[in-house]
Number of protein chains: 2
Amino acid sequence: MADLNDIAVFVKVAQYGSFSRAAHSLGMPVSTVSRKVTSLEEQLGVTLLQRTTRKLSLTAQGRAYFDQCSEPLAHLIDAEQALTETQKKPEGLLKISVPVILGQEIFYEFVSCFLKTYPDIQVDLFVTNLFLDLIAENIDLGIRFGELKDSSIVAQRLGKSVRYLVAAPDYLKGRALPSKPEDLREHQCVLLNGRNGDAEWHLVSGGKSVRQQVSGPVSSRDFDAVSAFTNRGHGIGLLPSTYCDDEIRRGALIRLLPDWSSEEIFVHAVYPTRRFLPARLQVFLDALKAWKSPLWLPLH
Amino acid sequence: MADLNDIAVFVKVAQYGSFSRAAHSLGMPVSTVSRKVTSLEEQLGVTLLQRTTRKLSLTAQGRAYFDQCSEPLAHLIDAEQALTETQKKPEGLLKISVPVILGQEIFYEFVSCFLKTYPDIQVDLFVTNLFLDLIAENIDLGIRFGELKDSSIVAQRLGKSVRYLVAAPDYLKGRALPSKPEDLREHQCVLLNGRNGDAEWHLVSGGKSVRQQVSGPVSSRDFDAVSAFTNRGHGIGLLPSTYCDDEIRRGALIRLLPDWSSEEIFVHAVYPTRRFLPARLQVFLDALKAWKSPLWLPLH
DNA sequence: ATTCTCTTTTGCACAAATGCAAAAATCGCT
DNA sequence: AGCGATTTTTGCATTTGTGCAAAAGAGAAT
């Protein structure tokens, strides 16, 4: 196969009818142009251009080759144009995978605002706790709570999250307050993603760390529901601080075992390792970092 | 503009879904393929392929670029294919320019034989004494008698030609034989391409050279006619040796001023400088050199 | 967990392409 | 015919790219 760059040079020379003008237009020395055309002719075994210092004319074969090559070349240039255009403007489809916890109004509101700001961007939102393979599924961005196992991805911390043990005064009425984690075994708990009414809560206090089995009458798949049931006195909930700080201040919820809390969980935005981020992803990341999310705490 | 070879490599990688298979198919090291794709991505500022050591997948932009590039690239390859095909087999149009002297049966017969040998070749024959610009007119081959002025052409000697002064016994009856070139002034001459019954003959003898004005009753545009009128006793003709040797031997013509003849004229095949001759031209040249032409003498 | 295997990337020595400057070539003009 | 102007080609030092071998990365199987 002939050198494609040489073909492009030949076509330019044929268009301009001159080595020097073609060279100027291509921004390369005339000598290079000359050699490239010569090299192309050698590779093809065909004389394409009949040249004297004054005249330049295509041979019959050169003409035929030129006719067949100029259009495909123009298309290749168009393709590049199209590509770098989309790279510049934030546009196109943005595939995002978020955990079920984010599947609620507050996040939808954020995405909605983002879409209004960038009308040329479409979002394809996957709300799932499955850890999708970003690369295989061609997903641009994932948001993940907790530890990351995936390799070949870039992670940026968006915020952190701490959960407190809380309960409504109604529930606590007539019950003994827990004084250590093991006491939770004797309480009703409002679970998140529980199985058969059971769950395991991971609690820390200073340097100490405990995994405590808990059970309770109700389990749900997002914090909105956990919050609702806890407020209604169905048991002790392990709620992100962002969900219960107000209630605690107002006295609507009581914080239990205040020395203990869930371990600090980091919220990450993850995306495939890329030397070049599409503009749509870049702007979404910026928006995400700027968002004062009620779902996590700022990092500092 | 991105490097076109890199685009071709990227397309191959996308088609095969693997760097190593693409490299094998392209006959280059995997490392080169890797670097070319990386370099293309850098030039475009876009990640085209998402790669791990186990999986390879196109990004959305990579897919779009691939779709736009693969067809034009295929066309470029086709163009090359088409070109080298025509180069291989002797076929196509052969434009030939010959002087009027060759516009006679003996040459037509030669061309006819050639055409029968190569049925895929068409010949476009220009019979003219004009020295056409081979390059501008896109003429493949010219046959020229005498000196060459044209530059930027290749000339191959086909043969040589010497003309003798001859006359029929009928004409000489009762006339004084010329003893020096100036005596021709007093004779009737059978002219070639004369103007108003006049012409200039260039004669040489050893180191001497003379230009002699002559005139006569008949002028024509080819040697067949000159030969015919000379044989019929209309005057002295200046005929190529190949036209009169037989008659001289038979006594049908008498050679005059046997120390003098026209200067030796070389017959050349000329064609535009080309590194690579089209097959049709190559075979025609070969045939021409192999032809025992009655219109010129062999070189040795 | 650890090893094995398959694929992509990187390091380094060598080969090839590049760009500047000078030379060669062609055609118009005197 | 010879000079002049313009254009293409060639020479050479430097930069750039290539190819082999080794390393790194990522799953899969033990």
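Per chain, numbering begins at 1; letters A, B, ... match sequence-line order. Both backbone and side-chain heavy atoms feed into the values below; hydrogens, waters and symmetry mates do not.
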Worksheet item: On DNA chain C, nearest-nucleotide positions of A:Ser31 versus B:Ser31: which is more 5'?
Response: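 On the 5' side of the pair lies B:Ser31.
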
Worksheet item: So how far is it from A:Ile139 CD1 to A:Ser97 OG, rounded to the nearest 0.5 Å?
Response: 5.0 Å

Worksheet item: How far does CD1 of B:Ile96 sit from CG of B:Leu288, to the nearest 0.5 angstrom?
Response: 8.0 Å

Please state how far atom [atom1] in [X] lies from atom [atom2] in [N], giving the value in whole angstrom units.
| X | N | atom1 | atom2 | value |
| --- | --- | --- | --- | --- |
| A:Met28 | C:dA21 | CE | C1' | 19 Å |
| A:Asp6 | C:dT18 | CG | P | 8 Å |
| B:Lys36 | C:dA17 | NZ | P | 11 Å |
| B:Gln50 | D:dG25 | CD | P | 16 Å |
| B:Glu42 | D:dG17 | CD | C1' | 14 Å |
| B:Gln43 | D:dT16 | CD | C1' | 13 Å |
| A:Asp3 | D:dG17 | CG | C1' | 12 Å |
| B:Leu56 | D:dA26 | CG | C1' | 13 Å |

Would you tabulate the side-chain donor-acceptor contacts of residues 205-212 of chain A under 3.5 Å, counting partners in other chains and residues two or more places apart, or write 'none'?
{"residue": "A:Ser205", "atom": "OG", "partner": "A:Asp259", "partner atom": "O", "Å": "3.0"}
{"residue": "A:Ser209", "atom": "OG", "partner": "A:His202", "partner atom": "NE2", "Å": "2.9"}
{"residue": "A:Arg211", "atom": "NH1", "partner": "A:Glu200", "partner atom": "OE1", "Å": "3.3"}

Item to complete: Within residues 18-26 of chain A, find the residues that approach DNA chain D with a heavy atom at under 4.0 Å, and present them sorted by residue number.
Response: A:Ser18, A:Phe19, A:Ser20

Worksheet entry | Heavy-atom donor-acceptor pair, B:Arg51 side-chain to D:dG25 base, under 3.5 Å |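 There is none.
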
Worksheet item: Is a donor on one side and an acceptor on the other found under 3.5 Å between the side chain of A:Asn196 and the backbone of A:Asp198?
Response: no

Item to complete: Report yes or no: is the cationic atom of B:Arg21 (NZ for Lys, CZ for Arg) under 6.0 Å from the centre of the six-membered ring of B:Tyr16, at an angle within 45° of the ring normal?
Response: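 No.
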
Practice prompt. Give a yes/no on whether any side-chain N or O of A:Thr32 is located under 4.0 angstrom from OP1 or OP2 of C:dT18.
Written response: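 No.
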
Worksheet item: Under 4.0 Å between a side-chain N or O of A:Ser34 and OP1 or OP2 of D:dT8?
Response: no

Fill in: A:Asp124 with A:Lys95: basic N within carboxylate O range, under 4.0 Å
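Salt bridge absent between A:Asp124 and A:Lys95.
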
Item to complete: Give the minimum heavy-atom separation between B:Val37 and B:Val13, together with the two atoms involved.
Response: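 Minimum heavy-atom contact is CG2-CG2, 4.2 Å.
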
Worksheet item: What's the closest nucleotide to the A:Val30 side chain, out of C:dC20, D:dT8, D:dC20?
Response: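 Among the listed nucleotides, the one closest to the side chain of A:Val30 is D:dT8.
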
